[in-house]
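Notes follow once the structure below has been shown.
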Amino acid sequence: MKERKSRPVNLDLQTIHFPITAIASILHRISGVITFVAVGILLWLLSVSLSSPFGFLEAYHIVNGFFVKFILWAILTALSYHVVGGIRHLLMDLGHFEELESGAKSAKVTFVVTVILSVLAGVLVW
């Protein structure tokens, strides 16, 4: 039998710090899941709005509430991050931003562009 090496185990999650590139990658995956779920919600809303003139008014009243507008803004923000992060990943597949420093800079640019698009989405929704 092999001996088990005693390695230190860090169980304090507050001491673990992810690099910005890892955070960007994890958020890209999360935004993809949010976008996937949002497609179902948006297709349902589109179906209601196209069902009849009364359905259109019903969809209009649904979308007019603050909570639903907030959800639509969050969906647009997740979608914009996923698109910008996807472009970043495509550029990395082409051989750009593969070093740690340039990868960190591209992650920061992704965050900044997403904040700008998020503000524009807020203006569009409200």
Quiz item: Is the side chain of Arg88 donor-acceptor paired with the backbone N or O of Ser25 at a distance under 3.5 Å, no angle test?
Solution: no
Quiz item: Crowded around Lys108 NZ? As in, over 12 foreign heavy atoms under 6.0 Å?
Solution: no
Exercise. Look at the side chain of His82 and the backbone N and O of His28, then say whether any donor-acceptor pair between them is shorter than 3.5 Å.
Key: yes
Quiz item: Given the rule that I, L, V, M, F, W and Y join up when any side-chain heavy atoms are under 4.5 Å apart, are Leu91 and Val83 in one cluster?
Solution: yes
Exercise. Please test Ile75 against Leu42 for side-chain contact (heavy atoms from CB on, under 4.5 Å), starting from the C-alpha separation and ending with a verdict.
Key: CA-CA 10 Å; Ile75 289 170; Leu42 295 175; 4.1 Å; yes
Quiz item: Are the side chain of Tyr81 and the backbone N or O of Ala24 linked by a donor-acceptor pair below 3.5 Å?
Solution: yes
Quiz item: Say you draw a straight line from CG of Leu79 to OG1 of Thr114; how long is it, rounded to the nearest 0.5 Å?
Solution: 10.5 Å
Considering only distance and modelled atom types, tabulate donor-acceptor pairs under 3.5 Å from the side chains of residues 119-126, sequence neighbours left out.
none

Quiz item: Under the 3.5 angstrom rule, does the side chain of Thr110 hit a backbone N or O of Ser106 as a donor-acceptor pair?
Solution: yes
Quiz item: Do any N or O atoms from the side chain of Ser49 and from the backbone of Leu46 form a donor-acceptor pair under 3.5 angstrom?
Solution: yes
Quiz item: Can you hop from Met92 to Phe111 via hydrophobic side chains spaced under 4.5 Å?
Solution: no
Quiz item: When clusters are formed by joining ILVMFWY residues with side-chain heavy atoms under 4.5 Å apart, either directly or through shared neighbours, do Val84 and Ile87 land in the same one?
Solution: no
Quiz item: Hey, what do you get for CD1 (Ile34) to CZ (Arg29), rounding to the nearest 0.5 Å?
Solution: 14.5 Å
Quiz item: Just wondering, are more than 12 heavy atoms of other shown residues or ligands nearer than 6.0 Å to CG in Leu90?
Solution: yes
Exercise. State, to 0.1 Å, how close Val63 and Lys69 come at their nearest heavy-atom pair, and which atoms those are.
Key: O-CG, 3.3 Å
Quiz item: What's the shortest heavy-atom distance between Thr21 and Ala104, and which atoms?
Solution: CG2-N, 3.6 Å
Self-check item: ILVMFWY cluster, Tyr60 and Leu45 together (side-chain gap under 4.5 Å)
Solution: no
Quiz item: Once the angle between the rings of Phe70 and Phe66 is folded into 0 to 90°, is it parallel (under 30°), tilted (30 to 60°) or perpendicular (over 60°)?
Solution: parallel
Quiz item: Below 4.5 Å, heavy atoms only, C-beta onward: do Ser51 and Phe56 meet side chain to side chain?
Solution: no
Quiz prompt | Trp44-Leu72 co-clustered via ILVMFWY side chain contacts under 4.5 Å | solution = yes
